[in-house]
There are 2 protein chains.
Amino acid sequence: MARNSTGMKYEAILDAAVVEIARRGYYQTTVAMIAKRAGVADGTIYLYFGNKEEILFSLFDRAMDRFIARGKAELEAIGGAVEKLGHIIDLHLSLVGQDRDLAIITQVELRHSIHFMDQFSRTKVAEYLAVLAGVVAQGQQEGAFRADLDPSFAAKAVFGVMDEMATDWVLSRRNTRLENRAPEVAAFLLNGLR
Amino acid sequence: MARNSTGMKYEAILDAAVVEIARRGYYQTTVAMIAKRAGVADGTIYLYFGNKEEILFSLFDRAMDRFIARGKAELEAIGGAVEKLGHIIDLHLSLVGQDRDLAIITQVELRHSIHFMDQFSRTKVAEYLAVLAGVVAQGQQEGAFRADLDPSFAAKAVFGVMDEMATDWVLSRRNTRLENRAPEVAAFLLNGLR
DNA sequence: CTTAAGTGAATAAGGCTTCATTCATTATGG
DNA sequence: CCATAATGAATGAAGCCTTATTCACTTAAG
């Protein structure tokens, strides 16, 4: 085979880390386990990452970058707020539902430390919440959504429902597809309980 | 002082653990730190708990027992489903909002391991979700809630919104009171976005 | 005096990280 | 073209530190 292109091992290490951390949890996973699955020596990890924690950060960054890249592109093509919201729900649930190992990490492992939540995951979540709040505000201007609703509050509520569905799906081992819940979620968010 | 009544040090250790684990996270907190804050020797911990993990379990059990005890008593006195839901929201937000350190643990630390989630926290959450689903079903029979709604699904959605509000409150260091969000949450859950 | 509770120094295990060494690949020079 | 040097990615054994847990000993109650 040709010479390994730059980043080949970097990716291999991250892929291995997703699997191992999903199975055992971050603190039960040793650097040696990740190295073994990635097919590299223990020391090689430190050519690509400063320390063990940085693996987790990079994991999350890679996942979020993919998420945002796809989200932005697809969202621009849609006009109405109701349709935008529906598409975000579809996207959120189908992206989380795509890779169970990665989902375990985003729904469970990444929440293990308030320090981490502060510094990384929550700032990214904040960006996401801002997008959601924008869609709510747009819907209010269109007259599609109630005006007596704080967009920032509504954004959190919407996120909360999707996030709980995702966590529920991760923890129940049933073989349902997460994105199948999208219509139900959309209906609930639009109409409420009554 | 008189001989410590049984459970005195047990409680002291749990109280200390809440504070330390909230500050540093479970894995950064050593048994020695907990012992020091509790004012006992390291070895004393092992007279009351089998191992470090058991401290975390007991912490959670104690918190949930208090939650459920208060919830059941107060809920029985209420008739209508809409009022019941409103009271659950009040109760959930005000209990979580009562003790920030404990909230950090329930909203962040307890979610660090899928193994733990499976064995403990999620079974308790499942009981809670069952109560919520019951209220939704009752509301449907009363004609107060839409009939085309899976109560189990709706329960998760309701929980998701409250949980996200709680997490948001924990991570934002503002001095707002969490229970102030209760009316907004109730309105959103009943009416949705439009 | 007996017994249970409490102590905290010692232990042992585990794992992150380092670094001297290897080796395939590339550059240099004659 | 070949021989030699240089490079730096990769290795993996082991150092070093952290920390959960134990246990021989002390304290104090009844």
Side-chain angles (χ1 to χ4, degrees), chain A residues 1-60 105 109-110 112-113 115-116 119-120, chain B residues 1-61 105 109-110 112-116 119-120:
Chain A
M1 104 191 88
R3 182 223 215 187
N4 291 330
S5 64
T6 317
M8 198 101 271
K9 298 213 164 166
Y10 178 89
E11 298 291 330
I13 292 166
L14 285 187
D15 290 342
V18 170
V19 176
E20 292 294 325
I21 293 174
R23 299 224 183 308
R24 272 172 255 275
Y26 175 73
Y27 286 103
Q28 321 307 323
T29 300
T30 67
V31 171
M33 289 172 189
I34 297 171
K36 189 176 179 186
R37 178 174 293 271
V40 302
D42 298 7
T44 305
I45 301 270
Y46 292 87
L47 297 175
Y48 295 93
F49 303 92
N51 52 43
K52 187 187 173 188
E53 208 179 28
E54 211 179 288
I55 301 173
L56 195 61
F57 296 163
S58 306
L59 215 56
F60 178 71
I105 294 181
E109 290 304 321
L110 281 179
H112 72 127
S113 125
H115 173 250
F116 179 80
Q119 227 182 334
F120 291 82
Chain B
M1 100 190 93
R3 182 209 211 203
N4 292 328
S5 65
T6 316
M8 197 101 271
K9 296 210 165 167
Y10 178 88
E11 299 291 330
I13 292 166
L14 285 187
D15 290 342
V18 169
V19 176
E20 291 295 323
I21 293 174
R23 299 223 183 309
R24 273 172 253 277
Y26 176 73
Y27 285 102
Q28 321 307 324
T29 301
T30 68
V31 172
M33 289 172 189
I34 296 171
K36 189 175 178 186
R37 178 174 292 271
V40 302
D42 296 9
T44 305
I45 301 270
Y46 290 88
L47 297 175
Y48 295 93
F49 302 92
N51 52 44
K52 186 187 173 189
E53 208 180 29
E54 210 180 289
I55 302 174
L56 194 61
F57 295 165
S58 307
L59 213 57
F60 179 71
D61 275 347
I105 293 181
E109 289 305 320
L110 282 179
H112 70 129
S113 126
I114 197 167
H115 172 251
F116 179 80
Q119 227 183 335
F120 293 81

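Chain letters run A, B, ... following the sequence lines, proteins first, then strands; residues in each count from 1.
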Nearest-Å distance, [atom1] ([X]) to [atom2] ([N])?
X       : N      : atom1 : atom2 : value
B:Leu56 : D:dA20 : CG    : P     : 13 Å
A:Phe49 : D:dA10 : CZ    : P     : 12 Å
A:Met33 : C:dC16 : CE    : C1'   : 13 Å
B:Lys9  : C:dA4  : NZ    : P     : 17 Å
A:Lys36 : D:dA13 : NZ    : P     : 13 Å
B:Met8  : D:dA28 : CE    : P     : 19 Å
B:Ile13 : C:dG6  : CD1   : C1'   : 11 Å
B:Ile45 : C:dA5  : CD1   : C1'   : 14 Å

In terms of side-chain heavy atoms of A:Ala41, which of C:dT7, D:dG12, D:dA20 is nearest?
-> D:dG12
Going from [atom1] on [X] to [atom2] on [Y], what distance comes out if it is rounded to the nearest 0.5 angstrom?
X       : Y       : atom1 : atom2 : answer
B:Ser58 : B:Tyr48 : OG    : OH    : 13.5 Å
A:Ile21 : A:Leu14 : CD1   : CG    : 9.0 Å
A:Ile55 : A:Lys52 : CD1   : NZ    : 8.0 Å
A:Tyr46 : A:Ile13 : OH    : CD1   : 10.5 Å

Below 3.5 Å between N/O atoms, which protein atoms pair up with nucleotides 21-24 of chain D? Just atom names and distances, please.
unit_1: D:dT21; atom_1: OP2; unit_2: B:Tyr46; atom_2: OH; d: 2.8
unit_1: D:dT21; atom_1: OP2; unit_2: B:Lys52; atom_2: N; d: 2.9

Give the minimum heavy-atom separation between [X] and [Y], together with the two atoms involved.
X       : Y       : value
B:Ala38 : B:Ala12 : CB-O, 3.7 Å
A:Ile45 : A:Val31 : CG1-CG1, 3.9 Å
A:Ala17 : A:Leu59 : CB-CD1, 4.4 Å

Check whether any side-chain N or O of B:Glu109 sits under 3.5 Å from a backbone N or O of B:Tyr26 as a donor-acceptor pair, and report yes or no.
-> yes
Check nucleotides 15-17 of chain D for protein N or O atoms closer than 3.5 Å to its own N or O atoms and list the pairs.
none

Salt bridge (charged side-chain N to carboxylate O under 4.0 Å, His left out) partners of residues 26-46 of chain B, not counting sequence neighbours, each pair once | B:Glu20-B:Arg37
Compare side-chain N and O positions of B:Thr30 against OP1 and OP2 of D:dT19 and report whether any pair is under 4.0 Å apart.
-> no
